[in-house]
Amino acid sequence: MKPRIVHLLDDQNVGGVRRWIQSISDSRLNTQFDFELVRSTEQLHKPDLVICHNPSSWKRSLNLLKIKLRGIKLVIDEHHYCEGFESLNVPSLSRFRAMLKWNYGIVDRVASVSQGQSDWMRKYQLVQPSKLSTIPLSTQFDHFLEVPKKQLQKPLILGAYGRFSRQKGFDTLLRAMQQVPASKVQLYLGGYGEDESLLKTLAADLSNVKFWGSVQDVPGFLSACDAIVIPSRWEPGGTVCIEAKAAGKPVIVSSVDGLTEQVQDCGMVVPPDDPVQLAMAIDTFINLAPEQIEAWGNNARNSVRNSWEQHVTAWDTFLWNLLGEVR
């Protein structure tokens, strides 16, 4: 009989987390484990292991304790918090870190999604080293590998997509676009969210910015772009960066958390929340030789080609090691 593994996620509209759960549940691991997705309000029928994907809080720690008291193995898969997040959103670092230490102390393991996130946890001793596992983020991207190479033409087309929120930094990108020649570059901006009015106001005088709305066909969106910009203010992992690289697109990213480590000879890294530096990077990029842009695109695709299989293998080992401790 296969072990039962429950993914615990209350807000199942969280796109990236929900997609990852579906991808890992549909992977070859489903021949070894029975996966189930539930909310905290639903009853748990004695699973072998619970993986919590909810953001930690003092209130949620009570639910974690209830699960542990039932003798169930418990993991926090940390999609939410990182050094960039706490520096911009947390008024009391001591209280926030105490909450994380308490929640991480309850569970059997904490799985981080990037080396940058793990380094932050170790730096502030948020979790016991023996409880921390780093499994670099990936996603099922076979259809992204099939995106054909795009013939470079002037003006170059930059793309950016995701939730229109403060985290994603699209306001910084639009302020940068105000500083680069409109004749040399266009921006396709896909997504929706609470900052949509702000972004459209910033783009009101930018004839070279096109809003795509919600991006349902991500490979199709990527195929229309020459490069992808990811100007996030914080990003524990960075799924968009992986998708863009799988599609063979160079990237321009903020130097935050898990994004920085994703760019090795496939794009540019700039300070976050700095439209001047981002504008300079865009200007540099659009003046690169086509051969350099093409080489970065090839390097990007090659760098992630095997990462999903490596990711699944890492989770396979991680899960069996945990379950083995109770056998």
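Being a predicted model, the structure only gives us computed values, none of them experimental. Note: hydrogens, waters and symmetry copies are ignored here, and every other heavy atom, side chains too, is used.
In this structure, the side chain of Q186 does not engage the main chain of S207 through any donor-acceptor pair within 3.5 Å. In this structure a side-chain-to-backbone donor-acceptor pair under 3.5 Å is missing from E235 to D257. Looking at S114, its side chain does come within 3.5 Å of a backbone N or O of P236 through a donor-acceptor pair. Judged by distance alone, with hydrogens and angles left aside, the side-chain atoms of R301 form no donor-acceptor pair with the main-chain N or O of W296 at under 3.5 Å. Side-chain atoms of N287 come within 3.5 Å of backbone N or O of D283 as a donor-acceptor pair. K2 places a side-chain N or O within donor-acceptor distance of the main-chain N or O of N30, the cut-off being under 3.5 Å. Of the possible polar contacts, one joining the E78 side chain to the Y81 backbone as a donor-acceptor pair under 3.5 Å is found. Side-chain N or O atoms of D10 include none that pairs as donor or acceptor with a backbone N or O of R39 at under 3.5 Å. A donor-acceptor pair under 3.5 Å is absent between the side-chain atoms of S254 and the main chain of V256, judged by distance alone. Judged purely by atom type and a 3.5 angstrom limit, Q117 uses its side chain to pair as donor or acceptor with the backbone of V113.
Under the side chain to side chain contact (heavy atoms under 4.5 Å, CB included) rule, I5 has a single partner from I24, D48, I51, L322, which is I51. For the side chain to side chain contact (heavy atoms under 4.5 Å, CB included) test with L173, the passing option among L202, I230, L278 is L278; the others fail.
Between T172 and Q277, the closest side-chain pair of non-hydrogen atoms is not below 4.5 Å. Within the 4.5 Å cutoff, the side chain of S27 has no heavy atoms near those of the Q140 side chain. Residues T260 and V253 have side chains not in contact (no heavy-atom distance under 4.5 Å, counting atoms from C-beta outward). Side-chain contact between L323 and L49: present, with at least one pair of heavy atoms (C-beta onward) separated by less than 4.5 Å. When side chains are defined from C-beta on, M268 does not count as touching V263, because their heavy atoms never get closer than 4.5 Å.
Within a 6.0 Å sphere centred on CD of Q125, heavy atoms belonging to other residues, nucleotides or ligands number 12 at most. Residue Y192 places its OH atom among 12 or fewer non-hydrogen atoms of other residues, nucleotides or ligands, all under 6.0 Å distant.
Taking the six-membered ring for Trp and thresholds of 30 and 60 degrees, W212 and Y188 have ring planes inclined between 30 and 60 degrees apart. Ring geometry for F33 against W320 counts as tilted: the plane angle lies between 30° and 60°, on a 0 to 90° scale. Between H311 and W308, the ring planes are parallel. Angles under 30° get that label, and only those over 60° would be called perpendicular.
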Item to complete: Please assess F85 against H80 for the test ring-ring contact (aromatic ring centres under 6.0 Å, His included), listing each intermediate value before the final yes or no.
Response: CA-CA 8 Å; F85 173 90; H80 304 278; 8.9 Å; no
_Does R166 form a salt bridge (Lys or Arg N to Asp or Glu O under 4.0 Å) with E194? I'd like the steps, not just the answer._
CA-CA 9 Å; R166 177 169 171 263; E194 61 268 25; over 6 Å; no
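Both F318 and V17 belong to a common hydrophobic cluster when Ile, Leu, Val, Met, Phe, Trp and Tyr are linked at side-chain heavy-atom distances under 4.5 angstrom. Both F164 and L187 are members of a single hydrophobic cluster when ILVMFWY side chains are connected at heavy-atom separations under 4.5 Å.
Side-chain N/O atoms of S138 and S307 include a donor and acceptor closer than 3.5 Å. Counted by atom type alone, R109 and N321 present zero donor-acceptor pairs between their side chains at under 3.5 Å. Side-chain contact of Q179 with R175: a donor-acceptor pair under 3.5 Å is absent, judged by distance alone. Side-chain contact, R18 with S23: no donor N or O sits under 3.5 Å from an acceptor N or O.
The existence of a salt bridge linking R163 and D195 is excluded, since no basic side-chain nitrogen approaches an acidic carboxylate oxygen closer than 4.0 Å. Salt bridge annotation for D34-R4: absent, with no cationic side-chain nitrogen under 4.0 angstrom from a carboxylate oxygen. For E294 and K150, the salt-bridge test fails: no basic side-chain N is under 4.0 Å from an acidic carboxylate O. Salt bridge status for D108 with K73: present, with a side-chain N to carboxylate O gap under 4.0 Å. The pair E86-R97 meets the salt-bridge criterion, since a charged nitrogen lies less than 4.0 angstrom from a carboxylate oxygen.
In terms of heavy atoms, D226 sits closest to Q151 at OD1-O, 4.4 Å. Pairing each heavy atom of S40 with each of N63, the nearest pair is OG-ND2, 3.6 Å. Smallest separation of non-hydrogen atoms from G105 and K131: O-NZ, 2.7 Å.
Under the 4.5 angstrom side-chain criterion for Ile, Leu, Val, Met, Phe, Trp and Tyr, the cluster partners of V276 are M280.
Residues satisfying the salt bridge (Lys or Arg N to Asp or Glu O under 4.0 Å) test with E243, not counting sequence neighbours, are none.
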